[in-house]
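Note that the structure is a prediction, hence the values are computed from the model and not measured. Here is how names work: the chains are called A, B, and so on, in the same order as the sequence lines, proteins then strands, and each is numbered from 1.
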Number of protein chains: 2
Amino acid sequence: MAISFAEENYLKIIYRLSESTSDDISTNAIAELTQNKAASVTDMLRKMSDKGWVNYQKYQGVRLSETGEKIALDIVRKHRLWEVFLVNKMGFNWDEVHEIAEQLEHIESEVLVDKLDAFLDYPRTDPHGDPIPNKKGELPQLGYIPLANMPIGKAGKLVGVAQDSAVFLQLLTKLNLKLGANLEITEINAFDLSVSLRIDGNPPVLISHEVAKNVLIKR
Amino acid sequence: MAISFAEENYLKIIYRLSESTSDDISTNAIAELTQNKAASVTDMLRKMSDKGWVNYQKYQGVRLSETGEKIALDIVRKHRLWEVFLVNKMGFNWDEVHEIAEQLEHIESEVLVDKLDAFLDYPRTDPHGDPIPNKKGELPQLGYIPLANMPIGKAGKLVGVAQDSAVFLQLLTKLNLKLGANLEITEINAFDLSVSLRIDGNPPVLISHEVAKNVLIKR
DNA sequence: ATTAATTTTTAGTCTAGCCTAAAAATTTTA
DNA sequence: TAAAATTTTTAGGCTAGACTAAAAATTAAT
């Protein structure tokens with residue numbers, strides 16, 4: 001079954017929205033991320049439902065079918081592998097690669113993806129710490145995720161850090177962020193992705209996205 | 001000026017056809033390579049003419065404008081650089097990379113292309129011996145081209161070989177192909193790209209595409 | 001130099017993927 | 001729980017890029 005550029009984008013975006021909720025995904029949420037109007041989204045959801053990639057019921061939102069999730073995971077896999085390539089091999093900064101990877105993720109060649117994976121030495125996460133699905137669509141069990149990726153309102157325990165430069169660790173100490181601390185994100189500011197964080201039940205403090213990315217937590 | 005996938009393909013194909021002739025390119029020739037019908041090609045040529053990328057006159061064929069050639073050369077540059085990447089870094093064989101490069105050539109990021117160029121150590125030719133245009137759209141002056149790339153009917157002199165395995169060189173000797181020989185292609189067979197070759201004015205003999213690729217000639 | 005064959009263009013359609021405006025369903029608020 | 005606000009869907013349109021069938025121009029053949 002042939003799949004178009006546009007369809008791949010929809011699947012990827014529905015997948016991303018599904019990651020941080022177990023509810024059905026709303027038409028509007030998809031419209032916002034695809035940069036389309038809600039009416040166009042409805043249109044596309046109906047078509048993708050016919051193809052069996054999503055389970056969709058009028059006014060009730062949508063979720064990925066098993067096939068749909070498989071396809072989405074494959075796109076995510078490609079996106080994240082290309083990001084590793086761009087940062088590790090081409091010398092881009094982690095914040096410059098997203099748009100290019102958005103394009104590269106649509107390249108169709110299973111063999112190429114496998115060879116790329118090997119060339120990069122089978123990375124388990126992308127430059128932002130997000131896990132890279134394997135060929136079968138399984139996510140590696142990391143046992144932890146970057147604090148930056150934790151959904152708002154869920155609590156987790158600080159189990160490690162993703163880098164160990166002195167300045168970073170000193171900052172953690174100053175913020176009272178130590179191993180074992182109980183963490184809950186109360187807010188994420190869209191402007192700079194900075195995070196309001198409740199530590200061990202205390203009133204929330206503000207930390208930067210950069211810090212949140214390098215703090216590893218277990219749910 | 002935004003450019004679509006389809007438009008890029010047309011420009012690239014017109015460029016390719018222009019390489020082996022100085023005549024205007026016919027609608028039918030383009031239709032064959034784009035795998036479209038002639039009517040669709042006429043349509044597109046009119047549109048691209050309006051944008052100033054080609055000079056087109058009804059029934060008279062088409063040729064690239066200066067802007068059009070610039071765009072085409074940029075696509076060719078990307079295509080050939082990605083081919084080098086696929087062969088040299090990803091371990092593909094030279095005959096497996098064309099389709100993938102057809103996709104990669106449309107990735108839009110000038111920075112990426114520059115970094116790729118550097119990563120590959122500024123190659124002057126792709127895995128098939130075709131020259132890679134530089135950033136400005138200039139073709140490197142190689143002083144020679146693979147025999148396989150010489151237009152039918154033009155004569156050239158054998159000035160080198162692109163590989164030096166014993167079996168290959170032994171075959172050249174057997175075929176009476178030695179340095180300085182005067183060569184003229186009389187026919188290229190579409191089926192296997194084998195070449196009918198006149199050597200020093202003698203009656204044509206048949207050689208494989210593989211051989212023709214590895215024989216370097218000067219026009 | 002006509003006629004025949006071929007090539008190219010025109011005219012009219014179709015589909016994917018988007019849009020706007022209005023209608024319908026759902027959710028929130030008083 | 002009825003009215004108001006919001007979300008979602010329907011209906012109808014638009015453009016890019018393809019198509020077929022028929023007409024027009026060009027080229028080849030008698």
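Here A/R80 pairs with nothing under the side chain to side chain donor-acceptor pair (under 3.5 Å) rule; sequence neighbours left out. Evaluation of the side chain to side chain donor-acceptor pair (under 3.5 Å) rule for B/D126 yields no partner, not counting sequence neighbours. With sequence neighbours left out, B/Y56 forms a ring-ring contact (aromatic ring centres under 6.0 Å, His included) with no residue at all. Every residue was checked against the side chain to side chain donor-acceptor pair (under 3.5 Å) condition with A/E69, not counting sequence neighbours, and none meets it. Scored by the ring-ring contact (aromatic ring centres under 6.0 Å, His included) test, A/Y10 finds no partners at all (sequence neighbours excluded).
Residue A/T42 is in base contact, counting any heavy-atom pair closer than 4.0 Å across all strands shown. As judged by a 4.0 angstrom heavy-atom cut-off over every strand, B/F5 is placed among residues making no nucleic acid contact.
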When you compare the protein's N or O atoms with those of nucleotides 27-29 of chain D, which come within less than 3.5 Å of each other, and at what distance?
none

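Here D/dT10 presents its P atom at 9 Å from CG of A/D43, a figure rounded to the nearest Å. Between the CZ atom of A/R46 and the P atom of D/dT9 there is a distance of 11 Å, rounded to whole Å. Rounding to whole angstrom units, CG of residue A/L45 and C1' of C/dG17 are separated by 13 Å. Rounded to whole Å, the distance from CE on B/M48 to P on D/dA18 is 11 Å. A straight line from OH of A/Y56 to P of D/dT8 spans 9 Å, rounded to a whole angstrom. Going from atom CD of B/Q57 over to atom C1' of C/dT9 covers 15 Å, rounded to whole Å. Separating the CE atom of A/M44 from the P atom of C/dC19 is a distance of 11 Å, rounded to the nearest angstrom.
The list of side-chain hydrogen bond (donor to acceptor under 3.5 Å, both in side chains) pairs with a residue in residues 208-219 of chain A, not counting sequence neighbours, is empty. For the side-chain hydrogen bond (donor to acceptor under 3.5 Å, both in side chains) condition, the pairs that include at least one residue of residues 107-120 of chain B, sequence neighbours left out, are B/R77-B/D117, B/E110-B/K135, B/D114-B/K135. Applying the side-chain hydrogen bond (donor to acceptor under 3.5 Å, both in side chains) rule to pairs touching residues 138-151 of chain B yields B/D130-B/N149, B/N134-B/E138, sequence neighbours excluded.
A close approach under 4.0 Å does not occur between any side-chain nitrogen or oxygen of B/S26 and OP1 or OP2 of C/dT7.
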Practice task
Could you walk me through whether B/N189 and B/S194 pass the side chain to side chain donor-acceptor pair (under 3.5 Å) test, one step at a time?
Solution key: CA-CA 5 Å; B/N189 301 293; B/S194 63; 3.0 Å; yes

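Set against C/dG17, C/dT7, D/dG17, the side chain of B/N28 has C/dT7 as its closest nucleotide. Comparing D/dA18, C/dT8, C/dG17 against the side chain of A/K47 picks out C/dG17 as the nearest. Side-chain proximity of A/S4 to C/dT8, C/dG17, D/dT8: nearest is C/dG17.
Between B/F85 and A/F85, the distance separating the two ring centers is shorter than 6.0 angstrom.
Listed in residue order, the members of residues 30-41 of chain A having a heavy atom less than 4.0 Å from DNA chain D are A/A38, A/A39.
Across the helix from C/dA1-D/dT30 to C/dA30-D/dT1, the helix axis at one end is tilted relative to the axis at the other end by 0° (nearest 10 degrees, each axis from five pairs).
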Output a table of donor-acceptor pairs, distance under 3.5 Å, between side-chain atoms of residues 43-53 of chain B and any protein atom two or more places apart or on a different chain; print 'none' if there are none.
unit_1: B/K51; atom_1: NZ; unit_2: B/E7; atom_2: OE2; d: 2.7

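Look at B/K12 and B/E102 and you find a salt bridge, because one of the NZ, NE, NH1 or NH2 atoms lies within 4.0 Å of a carboxylate O, short of that distance.
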